Peer 1: 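Sharing a structure below in structure tokens format, with a few things to ask.
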There are 2 protein chains.
Amino acid sequence: MVDRRRQQIIEMACKRFADKGFIGSSMRDLAADMGLEAASLYTYIKSKDDLLEDICFSIGNKLINAIAEVNDIYFNAEEKLRMAIKNHVEIICANPQASKVFTHEWRHLQEAKKTEFITLRNQYEQGITEIIDTGITEQIFIEDDKRFAVLTILSAVNWISEWYNPQGKMKPNEIAQKLADFVFTGLKKTI
Amino acid sequence: MVDRRRQQIIEMACKRFADKGFIGSSMRDLAADMGLEAASLYTYIKSKDDLLEDICFSIGNKLINAIAEVNDIYFNAEEKLRMAIKNHVEIICANPQASKVFTHEWRHLQEAKKTEFITLRNQYEQGITEIIDTGITEQIFIEDDKRFAVLTILSAVNWISEWYNPQGKMKPNEIAQKLADFVFTGLKKTI
DNA sequence: ACTTTTGCCTAACACTTGTTAGGGTACATG
DNA sequence: CATGTACCCTAACAAGTGTTAGGCAAAAGT
């Protein structure tokens with residue numbers, strides 16, 4: 001059951017990294033959270049960097065898969081963007097701590113992995129951009145500044161992990177709904 | 001000229017903290033950037049925490065002053081919000097690195113200062129909320145979810161420091177203009 | 001000329017960091 | 001009973017941390 005224990009450690013690391021940051025979290029603190037000594041962690045993980053990579057790419061891959069699915073299945077641009085936002089919000093709300101790590105701590109990845117990560121992120125950004133493009137072609141979105149629109153949408157979505165409270169009244173699909181509405185009336189052509 | 005040298009150190013610290021994070025930056029690295037030994041820094045600063053406090057509250061106070069000014073002078077809610085966004089964007093673009101520290105590194109402040117910081121941030125958030133309130137009273141903004149609107153606006157504005165490039169084509173007032181437009185057509189009642 | 005101040009240095013402190021080596025105990029399998 | 005293995009330990013390492021003490025040389029002030 002090495003994998004199971006490893007997963008527990010990663011979950012605990014998410015909490016610590018999200019709260020104190022990657023560098024601000026020591027292996028001894030993390031071990032203490034698990035009721036272990038620091039050295040014992042190394043039965044289950046390769047290194048501290050290993051933890052960060054796992055967390056960052058776990059969220060990254062979830063997002064990439066989600067956007068790929070959307071761009072494969074849904075045709076209408078509005079539907080696509082709504083679906084993409086919904087997926088993104090749900091991924092963040094299902095993994096709020098990991099998402100904070102994904103957003104804030106990726107820069108501490110080893111150089112090679114950092115490059116790989118940035119490529120993944122650009123790929124996702126490209127996925128969103130394609131949806132906007134479709135909307136412009138369909139003439140339901142105003143063409144003004146594509147990149148600006150994408151960045152603003154992504155910032156709003158990414159920031160959710162900063163304030164989202166699983167115990168709060170606002171549920172993920174409600175958040176997605178509101179956010180999409182907000183974004184749309186800012187993008188849609190109103191004759 | 002102790003103050004002048006201190007300011008140079010703080011500027012350099014901004015770069016390092018923005019890039020490597022507060023904990024990821026050592027005093028020896030910072031000193032090396034300045035062409036000094038670590039111990040020499042302490043002629044000009046009290047401690048490492050001192051640096052972080054200075055940076056965080058410098059930006060924080062700029063923002064607070066800006067919102068106070070807006071809420072004192074401008075009457076129309078749309079004008080107020082446009083002005084508030086413009087001020088915020090300009091503060092961020094004038095101090096992109098310090099702004100990144102303000103957004104990402106405040107959690108490493110000492111407990112007392114952290115509380116003070118959060119109060120300041122809430123105060124700013126309150127300032128924006130008041131503008132939205134005015135707009136609702138003036139019946140030019142849709143009342144849906146105030147707090148959600150405020151959070152989305154703030155996330156979009158704060159994220160600017162993540163991608164803003166002083167050498168890029170997009171100038172601060174252009175960014176403010178676009179962002180305000182984006183926000184408005186999402187808030188304004190279009191009958 | 002002498003004194004003070006400025007601006008930096010080296011050395012050291014006490015402690016924390018990620019990680020490895022090697023061992024020991026409890027339990028399952030033969 | 002013997003063997004293996006799952007699970008965790010202590011001890012230690014080499015390196016890096018923020019910070020203080022005390023000193024030395026050049027410049028400035030008198």
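No hydrogens, no waters, no symmetry mates; every other heavy atom, side chains included, goes into these values. On a predicted model such as this, the values are computed, not experimentally measured, just so you know. In the text below, chain A, chain B and the rest are named by the order of the sequence lines, each starting its count at 1.
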Peer 1: Considering only C:dC9, C:dC8, D:dT19, which nucleotide approaches the side chain of B:Thr43 most closely?
Peer 2: C:dC8
Peer 1: Please pick, from D:dT19, C:dC8, C:dT19, the nucleotide with the shortest atom-to-atom distance to any side-chain atom of B:Met27.
Peer 2: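 Nearest to the side-chain atoms of B:Met27, counting from C-beta on, is D:dT19.
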Peer 1: Rounding to a whole Å, what distance do you find between A:Ile45:CD1 and C:dT20:P?
Peer 2: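 Taking atom P of C:dT20 as the reference, CD1 of A:Ile45 is at 10 Å.
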Peer 1: Distances under 3.5 Å only, N/O to N/O: pair up the protein atoms with those of nucleotides 25-28 of chain C.
Peer 2:
none

Peer 1: With rounding to the nearest 0.5 angstrom, report the CD to CG distance, B:Glu105 to B:Leu52.
Peer 2: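 If I round to the nearest 0.5 Å, the distance is 7.0 Å.
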Peer 1: What residues, two or more places apart in sequence or in another chain, satisfy ring-ring contact (aromatic ring centres under 6.0 Å, His included) together with A:Tyr164?
Peer 2: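 A:Tyr164 satisfies ring-ring contact (aromatic ring centres under 6.0 Å, His included) with no residue once adjacent residues are dropped.
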Peer 1: Measure CZ/A:Arg4 against P/D:dC7 and give the value in whole Å, please.
Peer 2: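 Roughly 12 Å, once rounded to whole Å.
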Peer 1: Only counting residues at least two apart or in another chain, list the ones meeting ring-ring contact (aromatic ring centres under 6.0 Å, His included) with B:Tyr124.
Peer 2: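 With sequence neighbours excluded, B:Tyr124 shows a ring-ring contact (aromatic ring centres under 6.0 Å, His included) to B:His88, given in chain and number order.
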Peer 1: Any residue in residues 7-26 of chain A with a heavy atom nearer than 4.0 angstrom to DNA chain C? Just list them by number, or reply none.
Peer 2: A:Ser25, A:Ser26
Peer 1: Nearest whole angstrom, please: distance from the C1' of D:dG18 to the NE2 of B:His108.
Peer 2: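 These atoms are roughly 16 Å apart.
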Peer 1: Round to the nearest Å and state the distance from A:Arg5 atom CZ to D:dC7 atom P.
Peer 2: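 These atoms are roughly 8 Å apart.
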Peer 1: Heavy-atom count check: over 12 atoms from other residues, nucleotides or ligands less than 6.0 Å from A:Lys15 NZ?
Peer 2: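 Check fails, neighbour count at 12 or below.
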Peer 1: Search all heavy atoms of A:Ala180 against all heavy atoms of A:Ile85 and return the closest pair with its distance.
Peer 2: CA-CD1, 4.0 Å
Peer 1: What's the CD-C1' distance between B:Glu37 and D:dG22, to the nearest Å?
Peer 2: 16 Å
Peer 1: Are there more than 12 heavy atoms of other residues, nucleotides or ligands under 6.0 Å from atom NZ of A:Lys20?
Peer 2: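 Atom NZ in A:Lys20 is not crowded, with 12 or fewer foreign heavy atoms closer than 6.0 Å.
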Peer 1: Please tell me which of the listed nucleotides, C:dT19, D:dC9, C:dT10, lies nearest to the side chain of A:Leu36?
Peer 2: D:dC9
Peer 1: Kindly compute the distance separating NZ (A:Lys100) from CG (A:Asp19), expressed to the nearest 0.5 Å.
Peer 2: 6.5 Å
Peer 1: Is the number of heavy atoms from other residues, nucleotides or ligands under 6.0 Å of A:Lys171 NZ greater than 12?
Peer 2: yes
Peer 1: What closest approach, in Å, do B:Leu81 and B:Phe141 show between heavy atoms, and which atom pair accounts for it?
Peer 2: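 Result for this residue pair: CD2-CZ, 4.2 Å.
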Peer 1: Tabulate below the donor-acceptor pairs under 3.5 Å that side-chain atoms of residues 26-33 of chain A make, not counting sequence neighbours, or state none.
Peer 2:
{"from": "A:Ser26", "atom 1": "OG", "to": "A:Arg28", "atom 2": "N", "distance (Å)": "3.4"}
{"from": "A:Ser26", "atom 1": "OG", "to": "A:Asp29", "atom 2": "N", "distance (Å)": "3.0"}
{"from": "A:Ser26", "atom 1": "OG", "to": "A:Asp29", "atom 2": "OD2", "distance (Å)": "3.3"}
{"from": "A:Asp33", "atom 1": "OD2", "to": "A:Arg16", "atom 2": "NE", "distance (Å)": "2.6"}

Peer 1: Parallel under 30°, tilted from 30 to 60°, perpendicular over 60°: which one fits the rings of A:Phe117 and A:Trp106?
Peer 2: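 Because their plane-to-plane angle is under 30°, the rings of A:Phe117 and A:Trp106 count as parallel.
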Peer 1: Pull out every protein N or O sitting under 3.5 Å from an N or O of nucleotides 11-14 of chain C, one pair per line with the distance.
Peer 2:
none

Peer 1: When you check the phosphate oxygens OP1 and OP2 of C:dC8, does a side-chain N or O of B:Tyr44 lie under 4.0 Å from one of them?
Peer 2: yes
Peer 1: Nearest whole angstrom, please: distance from the C1' of C:dT19 to the CG of A:Asp49.
Peer 2: 12 Å
Peer 1: Does a sphere of radius 6.0 Å around NZ in A:Lys178 hold more than 12 heavy atoms from other residues, nucleotides or ligands, not counting ones at 6.0 Å or beyond?
Peer 2: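 More than 12 within 6.0 Å, yes.
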Peer 1: Without decimals, in angstroms, what is the distance between A:Arg6 CZ and D:dA6 C1'?
Peer 2: 18 Å
Peer 1: Let me know the distance between CE of B:Met34 and P of C:dC8, rounded to the nearest Å.
Peer 2: 8 Å
